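Convention: sequence-line order gives letters A, B, ...; per-chain numbering from 1. Nothing here was measured: the structure is a model prediction, and the numbers come from that model. What's counted below: heavy atoms across the whole structure, side chains too, no hydrogens, waters or symmetry copies.
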Protein chains: 4
Amino acid sequence: MSQPIRVTVFNEFHHENHYEPARRIYPDGIHKVIAAYLKEQQYFVWTATQDQPDHGLTDEVLDNTDVLVWWSHILVDGFRDDIVEKIHRRVLDGMGFIVLHSGTQSKIFKKLMGTSCAIKWREADEKERIWIVQPNHPIVDGVPEYFELPEEEMYGEFFDVPPPEEVVMISWFQGGEVFRSGITYTRGKGKVFVFRPGHESLPTYYNPHVLRVISNSVRWAAPVAGTPAPVFGNAQPLEALPQKKS
Amino acid sequence: MSQPIRVTVFNEFHHENHYEPARRIYPDGIHKVIAAYLKEQQYFVWTATQDQPDHGLTDEVLDNTDVLVWWSHILVDGFRDDIVEKIHRRVLDGMGFIVLHSGTQSKIFKKLMGTSCAIKWREADEKERIWIVQPNHPIVDGVPEYFELPEEEMYGEFFDVPPPEEVVMISWFQGGEVFRSGITYTRGKGKVFVFRPGHESLPTYYNPHVLRVISNSVRWAAPVAGTPAPVFGNAQPLEALPQKKS
Amino acid sequence: MSQPIRVTVFNEFHHENHYEPARRIYPDGIHKVIAAYLKEQQYFVWTATQDQPDHGLTDEVLDNTDVLVWWSHILVDGFRDDIVEKIHRRVLDGMGFIVLHSGTQSKIFKKLMGTSCAIKWREADEKERIWIVQPNHPIVDGVPEYFELPEEEMYGEFFDVPPPEEVVMISWFQGGEVFRSGITYTRGKGKVFVFRPGHESLPTYYNPHVLRVISNSVRWAAPVAGTPAPVFGNAQPLEALPQKKS
Amino acid sequence: MSQPIRVTVFNEFHHENHYEPARRIYPDGIHKVIAAYLKEQQYFVWTATQDQPDHGLTDEVLDNTDVLVWWSHILVDGFRDDIVEKIHRRVLDGMGFIVLHSGTQSKIFKKLMGTSCAIKWREADEKERIWIVQPNHPIVDGVPEYFELPEEEMYGEFFDVPPPEEVVMISWFQGGEVFRSGITYTRGKGKVFVFRPGHESLPTYYNPHVLRVISNSVRWAAPVAGTPAPVFGNAQPLEALPQKKS
């Protein structure tokens, strides 16, 4: 009997406290809506918010997190660099990392990508249609060939990230743009999934397909227990070498 | 409670019947050794050999196969083209496909790759050391950072396959060559894993790491039940289009 | 002083002869329009059509072709298999291959991909907007961040090809679909570029961006003269091996 | 007539000044040997060393550099962070970046990769044989299917970098390890090539194949002048949107 995957949902939790349209839709915060769904999927779920000590991401929390789900937006400059370093270390060691929407503008995501992660954007509550372009991927298990979000913020290309290892979804926007909306990366032993929706003042995180994708991605990104720990540094030869010249 | 993954192990089963050094090591055939191990892993396992009617790969067998494990070598020209087509269709529809050793020279593998799949080779019973270069991959769950096969046939680069989607393992050979020995591909909804060892007259398929990799790859390649079935062909617009000019 | 790149533009050349809307726009055939532009770019340009002996792709033509540009549609079943084999061999040996629009449904392209290459499609003369998602790629040299084709046939995902090595362009369609419209592959020593537009009865191949992309892709796909010829087959060891047991 | 590519060769230039075995082989520094070869190839070549003001990488130098070739080793901690930032910005804007040997342990390379870039290593002056595994790549133009360095430092897997976009070369080491020795990445508009050799006290940078690869990689990594400058930030819709609800 395997242990349940331990998920921590981090949320900046600013808009929901300071901006009425966000509070109306997510009165307890985006993290609570996502966490509630993940609990139903039999994950062990924890939440963290930026205003907590250590942003809620203490060593104990991080050490007991298999997959970190991340939403942030405008408080990124105030996020402590030492905790960025700890998250980074944990990802390289195998913690899965699921980056939602504007979380793509966070310090930790930029550090993992090595690029600016800049995008086009527009808040016009326009229609987004998300197409699946890798239909055998476990992240889209149970998701139809496309799904629609009637109102979303637009993100448009060029999205300044490294070419993804997998492009699982591409968004069509009513205003004329496209976006690589479901993409994967490997960093060290950690798996990273970027999922483009959803805006803080729109009910995207109640959409069943969006929730399903997040849940699938947690399972996909969970560390594989038995994979070898990399061995680095000075190494003895495995084959006899000729006598070195003195 | 999910159903067990249904694996069919196909083996050409020629050397073991006609070549004493192969018979000595695999008296019942390579397929029986692999199948026995996979059964212990709780898969539902079937076997097929080339001399059976329809090469043992009848419609019924193929329709009930989640993952096909494949070993072939010198009888590739005699393999029926219509069955190649059926396997190909099944892979595109989601059947996993695990290609072992000289199975890389089969019609079905060449058809899936679109290239010659040519290699360098040498039968000198030399040492092979297989290094893991993607240590978080589920296919190497439980495998150390490298493992050795004291005697193997050499396969050397350039291996004429498309650049792999993932390079999970690279082999070092005593005679001086290297080889991309564990590589993955997607074809349609099907996942393909190529695993370089083992020669028909060497006890490679008793090696616990080799067996573990095969077993892991079966789990990795098994179709994801709920992923969307692609819809092809003429499509009605999802958005209102302007009146077409007459 | 290097020799000019030798391009052969193959066209099925059926619609322009039998379908008035195509004839009106391309009275001498799509191949002539593309060839005329490529000549201006200082390539050495040849053309071939399906009704010619050997479909215009004799051994002499193929042996003297650095890059083959390909347009085909409804006569694919009538294309000779032996010539498919010759083109395939030439691509593996390094000939570049540029596949336009419905050329994705040809025997040769399917053979190179190993998949069905199936698509969604719609002839509604709708707007297509092609976005560049790899802005440093030589294939988009001189092309703006997006360009529009006011009327095009729609191709929609899922496009059943292997995950591309590079996704250079993504199309937005007015009717609500997206498509990976500029994608690259390696097959043997050959480079393959797939470029989605243009429909036979629309003036797409007069669009300066479309022509520029085709011309750039020819330069990108041209074989690199000095790269090593792969050596296949039985190989002597490069390092001393221990005496083999008798 | 196009302008020559402007290359800056950066070298830490410490070992050659402080360690006799390095000085004996590279009395004027590794950078001078590489620069001399690149000048013969008709590049416009500049050099920079860490002890110079701004490490020799002033704004003027960086602004006039198309491709930066980089060698560093033990002084990485002393490299100024503000200059790391400037190089990073330039790479994202399109400057090519060629990382040699222990340059993989530099701040700038780690920043571009998002990983630890950790390796195995051994200084035993053992044989390295570098195999070409993507034989059509412009970086291996003129290079045989493999070449040998009779004495080199060993680097072994796992190399903690993101899965490369292209694996062009793989090294075989006499002591039993393998390494992905020629690999490529895209970061923003910049192209990155990592080339594993050569140790500071061995004559690797006089090897004609090594020099050829470096020269080829400079041409490959040079920015494509006409590719679109990404446009980021708030964007007006390209299609009419329905009236937003108030």
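- Of the two parts of B:Val143, only the backbone, made up of N, CA, C and O, holds a non-hydrogen atom closer than 4.5 Å to a non-hydrogen atom of chain A.
- A:Pro135 touches chain B through backbone and side chain together, each having a heavy atom under 4.5 Å away.
- For B:Gln134, the part sitting under 4.5 Å from any heavy atom of chain A is the side chain, from C-beta outward, and nothing else.
- Using a 4.5 Å cut-off between heavy atoms, B:Pro138 touches chain A through backbone and side chain atoms alike.
- Remark: A:Phe232 CZ is packed, more than 12 non-hydrogen atoms of other residues, nucleotides or ligands lying under 6.0 Å away.
- In terms of heavy-atom pairs under 4.5 angstrom with chain B, the leader among A:Glu239, A:Lys191, A:Lys127 is A:Glu239.
- Of the two parts of B:Leu238, the backbone and the side chain both hold a non-hydrogen atom closer than 4.5 Å to a non-hydrogen atom of chain A.
- Across A:Glu148, A:Gln174, A:Glu166, A:Arg129, the residue that shares the most heavy-atom pairs under 4.5 angstrom with chain B is A:Arg129.
- Counting heavy atoms from C-beta on, the side chains of B:Glu165 and A:Glu165 never come closer than 4.5 Å.
- Inter-residue side-chain proximity for B:Asn136 and A:Val224 is flagged as unmet; no heavy-atom pair is nearer than 4.5 Å.
- Neither the backbone nor the side chain of B:Trp220 comes within less than 4.5 Å of any heavy atom in chain A.
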